[in-house]
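Letters A, B, ... are given to chains in the order of the sequence lines, protein chains preceding strands, and every chain is numbered from 1. When reading the values below, keep in mind they use all heavy atoms of this one structure, side chains included, and skip hydrogens, waters and symmetry mates.
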Amino acid sequence: MEALFDLPSSSPPPRSGASSLDDLNDQQRRAVEHAGSPLLVVAGAGSGKTRVLTRRIGYLLAERRVHPGEIMAITFTNKAAAEMKERVVDLVGRRANAMWVSTFHSMCVRILRREAKTIGLTSGFSIYDADDSRRLITLVARDLDLDPKRYSARTLSVHLSNLKNELIDAETAKANATNDLERRVAEVYVEYQQRLAQANAMDFDDLIMRTVEMLQLFPDVAEYYHRRFRHIMVDEYQDTNHAQYVLVRELIGKGLPDVPPAELCVVGDADQSIYAFRGATIRNIVEFERDYPNATTVMLEQNYRSTQTILDAANAVISRNSGRRDKRLWTAHGQGEKIVGYVGDNEHDEASFVANEIDRLVDSGDANNNDIAVFYRTNNQSRVFEEIFIRLGLPYRVVGGVRFYERREVRDAMAYLRVLANPEDTVSLRRILNVPKRGIGDRAEACVSTHAERYRTSFAAALRDAADGKVAMLNPRSQRAIAGFVELLDGLRRFVDDGQDVAEILDAVLEQTGYRAELEASDDPQDGTRLENLTELVTVAREFAEGPGITPDDAPPDTEAVAVPESGSLAAFLERVSLVADADSIPDGDEESSGVVTLMTLHTAKGLEYPVVFSTGWEDGVFPHLRALSDPVELAEERRLAYVGITRARERLYLSRAIVRAAWGQPMSNPASRFFAEIPADLIDWRRTGPDRAAPTRATTWGGRSGGGLGTTHRPAPAAKWKDTPALSLDVGDRVNHDKYGLGTVVATDGAGPRATATIDFGSSGTIRLMLIGSVPLVKL
DNA sequence: GTTAGCTTAGTTTTT
DNA sequence: CTAAGCTAAC
C-alpha cells in the first residue's frame, strides 16, 4: 500500500554528466544511443534493463534535446512506474515530471478522462476490477437463464476478457460465433457491455480497448497524441496482449506529412513471459522485427545478478523450450556455490529443511533474513512454511494471497465510496444494498431489478422509485427499508458535496451505516481483523487526503485542460485504489522490513532478486502444475516460470521437493519435477535424495525420469512431447510395483485423464494416493 | 428475510 | 482441506 503514496522523491541536483555512458557495457550503450528506428531490447534476466531504460531517457533529454513532455514510458505495475520515474528524476531533476510514466491502465484512464466527451462518457466513470466484473456477469448470466454449471461466471469472464484482449467487440463476437459456447458468450457480452455503460463503468480490459477504439475513430484526437509524444517506451513487452500491442501502434502513429511516427523502444524477455493465461502474447516480442521491418534489436546477455552456476541452470532449463531466440546469460561473477537440492518425505519435512537452513545461514552470518526468499507455485503452499516459521520464531512475510483491497470489508467500504462518487454504479450499489443487513433481501432486490428493466431505467433510479412506493410487488416493510437506505446515501452524499475529505467521508460511511458497530458487536474473531482492516483503510484515506497536492499520476498540473480528478478528492482516491493492487508491499530491505524472510509465488517473484532463494515444491503436478502437464504450450510457460524462479537468486539457490504432499486433504505422492532432470547434474549438490531406507530399482519402461531426487546420474529428458495421459490405466485389484514403495495393490481409483489417481496399498510402506501421470515411477504387473 | 448446513470445486493474477 | 454458493429450515 505504501505505493499509493509514492511521491516524486525530493530531487537531488542532476548528476553532472547525466549522459555519460562509460559505466554501460557495449550492448547497453547501443540500446541507449540508438536513434531513428524502432528498437527492441532483448533483456535477459538481471541484464540491467531498467538501467538501460532510465539511461536512455536521460540520454534523450540531455543529448538529443528531447523535451520531457514528449516522452511516454509504459510499465505494468505502478511500482515499476514509480521506480523508473524516481530514477530519471535522480538523473535529470524535476523536469522529468513532465513525462508520462505510468501503467498501461492508468495511462488509458488519463486519456479516457481527458477525452470522455468524445466517446460519450462521464469522466467520473467507475473502474470495475475482476471481482466487480464477475458480479455483473453473474447478474447477466442469471437474467439470460444460463446454466451456471455449464456457463460459470468464471468461464464467461475468461472468454469475455479474451475477446476484449483481442479487440473483438460484442457485435463482432455475436456475428462470428460458430458454436454454442461462443454464441452464449457473445450474448452475455452484448448485455454486459450495456450494463457497464448504464452503470457508467468500465472494466480493466475496456480501458485498453476503448482507448484504442477512440484513437482509431477520432484521427484528430490521435493526432494530438502523435504530436505530443515523440518517444514511446514499453517495459516488459513480453507481457503485452494484442490490445496493448495495437494501442502502442496507435500511439506511435503511421506518420503525417509533418509528424513522423514516434520513436519506439520496447524492452522485454520472451523467456520471462509467464502471463499467457491472462492474454499476454509472446508473439509481440518474437515478431517485433516483422511488425516493424526497419527495427533494430539489441541483446543484453551479460548478467549482473547471479553466479554462473545459477545462470547455467537457468540456461539449461529454458533451452528446452522450442522456438525461442537463443540467448545465453553469462556473468563475470564466477561460478559460485552449487545449487542445493533436497527431497523431503513430505511437505512438512521440506519446510523444516528450509527453515533450518535459513537458521543456519543467518547464524553463520552468510545472510540476513531479508536476503532470503521462499518461492512456491501456488499460494496455498505458503501454509506449511508459515506454520514452521511461527513455531521456530522465524520472522517472515507472505506477499500476495488475499490482498488488502480484495478483503470483503474493504471492498464493502470502497463500494460505498464508489456509489457516492458514481450513483449509477450498479454493481457497487447492489453489493452494499443489504450490507450491513438492513432488511432488503433477495426478493426486494429482484423487485427493484425487474422494475428497472421494465421501465428501462437504472437500478439506482428504480431504488428511488421503490422508496416512493412506485415498485410493484414490494412489501411495505421492504419499501421502508429501501427508503431508509436511499436516505442514508443522500445523507452521506452531502459529505461529498460539502467537500469533506476522503477520510471523513469514509468515517461517516462506517459510522452511519452501522458497519463498524456490527463488527464491534460481533464475537466472531475474524471480525476483529476486519475492524482493523477498516481502521487501516481510514488511515490510508487520511494520508491520501492530506498528501501534498499531486495528481494521481504524480503529474504536474497539465497546462491543457485535463480531466484529472482534483488531488486528494474522492474521485482521485477511488482511481488510485482501482489501479493499484497492493502487490507493492514487497519488502525491499529497508528499515521497516529488515530481518524478514519473504514468501511468495513464483509469479510474484518476477522482477525481484534475493541473495538466497528457496524454490520449493518441485514436483510434477505441483510445479509444473497439474493442468500444464498434458499441454506442451502450458508446459513451456511453466518452464519459463522455472527460469524466472532460478534467475531471482544472486548467490545461493535451493531447489526442493516433497515425496508426499497433502492435496485436498488427501496425501498425494508426486514424482520429481521434470525440470530437475533438465538441470545438469553436476550443478546440484543433493543434500538429501529421499527416504533413507529407500534403495529402489529404477523402472525403465517409460524413461525413468525420476528426476535428480534419486541421486542418480543426470539424464537429459527427451526434447519434445511427453505423452502424459493416459500413462497407466489401473483398476482396483491390480498389482503394481513402485520405484520407492515397492509392491502394492490398487484399492481405489479416481478421476480420469490427467487427473487420474489410484490409491494403492503398499503393505508396510502404507497406503498412498498417486497421480497416474506419465512420469509416475510405477508399473503394472 | 436470515442463517445454518450442505454441496461443489478448487493455478498462476502486474491492472 | 477450505471457501464460496446454494437449498432448507428458522
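- In this structure, the nucleotide among B/dT15, B/dT12, B/dA9 sitting nearest to the side chain of A/T601 is B/dT12.
- More than 12 heavy atoms of other residues, nucleotides or ligands sit less than 6.0 Å from atom CG of A/D147.
- In this structure, A/E406 atom CD and B/dT15 atom C1' are separated by 11 Å, rounded to whole Å.
- What separates CG of A/D132 from C1' of B/dT13 is a distance of 16 Å, to the nearest Å.
- For A/F277, the listed nucleotide lying nearest its side chain is B/dT13; candidates were B/dT13, B/dT11, B/dT15.
- In this structure, A/R383 reaches the sugar-phosphate backbone alone: every heavy-atom distance under 4.0 Å involves primed, P, OP1 or OP2 atoms, never a base.
- Proximity of A/V384 to A/Y376: side-chain heavy atoms (C-beta onward) are nowhere separated by under 4.5 Å.
- A/D147 has its CG atom 13 Å from the P atom of B/dT8, to the nearest Å.
- Applying the side chain to side chain contact (heavy atoms under 4.5 Å, CB included) criterion to A/R530, with sequence neighbours excluded, gives A/R408, A/E409, A/L519, A/Q526, A/D527.
- In this structure, OH of A/Y376 is placed 11 Å from P of B/dT12, rounded to the nearest angstrom.
- Taking side-chain N and O atoms only, A/N241 has no distance below 4.0 Å to OP1 or OP2 of B/dT15.
- By the side chain to side chain contact (heavy atoms under 4.5 Å, CB included) test, A/N434 is found to be paired with A/K437, A/R438, A/I440, residues two or more places apart in sequence or in another chain being considered.
- Partners of A/A466 under the side chain to side chain contact (heavy atoms under 4.5 Å, CB included) rule, at least two apart in sequence or in another chain, are A/V448, A/V471, A/L474, A/I482.
- Taking A/E250 as the reference, nothing meets the salt bridge (Lys or Arg N to Asp or Glu O under 4.0 Å) condition, with sequence neighbours excluded.
- Residue-level contact check: A/D239 touches the bases, meaning some heavy atom is under 4.0 Å from a base atom.
- Protein atom CZ of A/R110 is 18 Å distant from nucleotide atom P of B/dT15, rounded to whole Å.
- With DNA chain B read from its 5' end, the first of the two nearest nucleotides for A/K149 and A/Y275 is the one closest to A/K149.
- If you measure from atom CZ of A/R377 to atom P of B/dG10, you get 15 Å, rounded to the nearest angstrom.
- Rounded to whole Å, atom C1' of B/dT12 lies 14 Å from atom CE of A/M600.
- Distances were taken from every side-chain heavy atom of A/R278 (C-beta onward) to each of B/dT15, B/dT11, B/dT12; the shortest belongs to B/dT15.
- For DNA chain C, the outermost nucleotides in 5' to 3' order that have an atom under 4.0 Å from a heavy atom of chain A are C/dC1 to C/dT2.
- The only member of A/Q272, A/Q244, A/K606 that meets side chain to side chain donor-acceptor pair (under 3.5 Å) when paired with A/D239 is A/K606.
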Protein proximity profile, nucleotides 1-7 of chain B - base contact B, sugar-phosphate-only contact S, no contact -, cut-off 4.0 Å on heavy atoms: SSS----
Run the side-chain donor-acceptor check on residues 154-163 of chain A: report pairs under 3.5 Å with partners two or more places apart or on a different chain.
residue	atom	partner	partner atom	Å
A/T155	OG1	A/S152	OG	2.6
A/S161	OG	A/D205	OD2	2.8

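- With sequence neighbours left out, the ring pair (Phe, Tyr, Trp, His ring centres under 6.0 Å) criterion links A/Y515 to no other residue.
- As a whole-Å value, the separation of A/R150 CZ from B/dA9 P is 14 Å.
- Here A/H625 counts as stacked on B/dT11: its ring centre is under 5.5 angstrom from the base ring centre and the planes meet at under 30°.
- Applying the ring pair (Phe, Tyr, Trp, His ring centres under 6.0 Å) test to A/H603 and every residue at least two apart in sequence or in another chain returns A/Y275, A/F277.
- Taking only side-chain nitrogens and oxygens, A/T604 comes nearer than 4.0 Å to OP1 or OP2 of B/dT13.
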